[in-house]
Amino acid sequence: MGESRVVATAPSNIALIKYWGKRDGVAQWPANDSLSMTLSAARTETTAALLDAPHDELWIDGARIATDPRDKAHAHLARLRREVGLGAAPLRIESRNTFPSDCGVASSASGLAALTLAALGAWTDAGSLADLASRGFDTARLAALARLGSGSACRSLMGGYVLWQAGERPEAQSVRQLLAPAAFPLADVIVLLSRDKKLSPSTMAHKAAWTSPLFAPRLAGVPERLARVEAALRASDLSRLGEDIEAEALEMHAVMMTSAPQATYILPRTSEFIVWLRQARRRGDFEAYVTLDAGPNPHVLTRPEDAETVAARIRDAFGAQDLIVDLTGEGPTLTRNAT
Ligand code: DP6
């Protein structure tokens, strides 16, 4: 039995160029390349210990998750066992988010990344990421495995700005860090307009993307937009970055809303917020740009030194009180604790 447990933490990430639509759902082969910023405070912490019991025990935010192959986390544990062939030692897994789950802060990205690290750490008796790499699980392999649980999870294996390339074949996908966090630190003011669970799971909605008449023109334009966003990041140029990331998020939501079946994640308040932010920016109140995940809650990107001013204006002038101020962050961690 394990006398110690492994503790993995993985950050959430916010996509600047979105992963939306898959060429293959089983191999998790995305329709296009995507680029994200890793967050700092919004993380999942997952512990894993070998368990003397017939089945895994899985706890998320203090609640036991019943063993069900349809559950994303249980399904991922089963998949990891098959993929890595390490035997079937059951695990006791406990997972906590530092932010509300399922509200447009990508909890599936950090959650599935942390689960991948914790389970592999427990099975291989690793005490650090370097140990895990020496046992055959380097960052590239970890990203490929995490991706099978949730596509965006592969971008949570690295800090700073991370590029996930689709490649010519499913096996030719790659994930790499474009820039370290210190190269261009940004703040992400997350405006929690709603903490309700989302209505359409994104895995289903990804499939419908191909039915939108806007999807083919979107895919045709992604490479150029990605090149502009990458150049703006390398030049630390928020003004050049901003217009593109807003257009990108709105284009993804236009695809979602014109697919069959359609998925509408935004709320009336989300639209009001976008209009308000653009007007404030035009007036010269501050410089900040909005992006969205598959949810109603705006992520407002701005310079770290302006984050408190932007947050105060969102509270006082727009009237949204529930905010998280986060920053560009580092990648995951893995340690071992005595139980
Ligand atoms: C809108 O990674 O949650 O956040 O691979 O089916 O688990 P699955 O989907 P998921 O999709 C995230 C989409 C997005 C954009 C992004 O993060 O790039």
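When a ligand or atom number is given, it counts from 1 through the structure's own listing order.
Under a 4.0 Å criterion applied to the non-hydrogen atoms of K18, ligand 1 contributes the atoms 18 (O). Annotation for ligand 1: atoms under 4.0 Å from non-hydrogen atoms of A15 are 16 (C), 17 (O), 18 (O). In the vicinity of G151, heavy-atom distances shorter than 4.0 Å reach the ligand 1 atoms 2 (O), 5 (O), 7 (O), 8 (P). Interface atoms of ligand 1 facing A294, defined by a heavy-atom separation under 4.0 Å, are 1 (C).
At least one N or O atom of S152 sits closer than 3.5 Å to an N or O atom of ligand 1. Looking at K72 next to ligand 1, an N or O pair under 3.5 Å apart turns up.
Screening residues 64-74 for salt bridge (Lys or Arg N to Asp or Glu O under 4.0 Å), with sequence neighbours left out, gives D68-R70.
Taking CG of L250 as the reference point, atom OG1 of T291 lies at 8.5 Å (rounded to 0.5 Å).
Side-chain atoms of M37 and F184, non-hydrogen and from C-beta on, never get closer than 4.5 Å to each other.
When the heavy atoms of E248, K22, Q28 are ranked by distance to atom 6 (O) of ligand 1, first place goes to K22. The option from M252, R155, H206, M256 that lies nearest to atom 11 (O) of ligand 1, judged by heavy atoms, is H206.
Both the backbone and the side chain of S150 come within 4.0 Å of ligand 1, counting heavy atoms alone.
For the pairing with E287, the salt bridge (charged side-chain N to carboxylate O under 4.0 Å, His left out) check across R313, R282, R240, R303 returns one residue only, R303.
The shortest heavy-atom contact between A8 and L334 is CB-CD1, 3.8 Å.
Every residue meeting the salt bridge (Lys or Arg N to Asp or Glu O under 4.0 Å) condition with R269, not counting sequence neighbours, appears here in chain and number order: E272.
Look at S108 and you'll find a heavy atom under 4.0 Å from some atom of ligand 1.
Judged by distance alone, with hydrogens and angles left aside, the side-chain atoms of T44 form no donor-acceptor pair with the main-chain N or O of A10 at under 3.5 Å.
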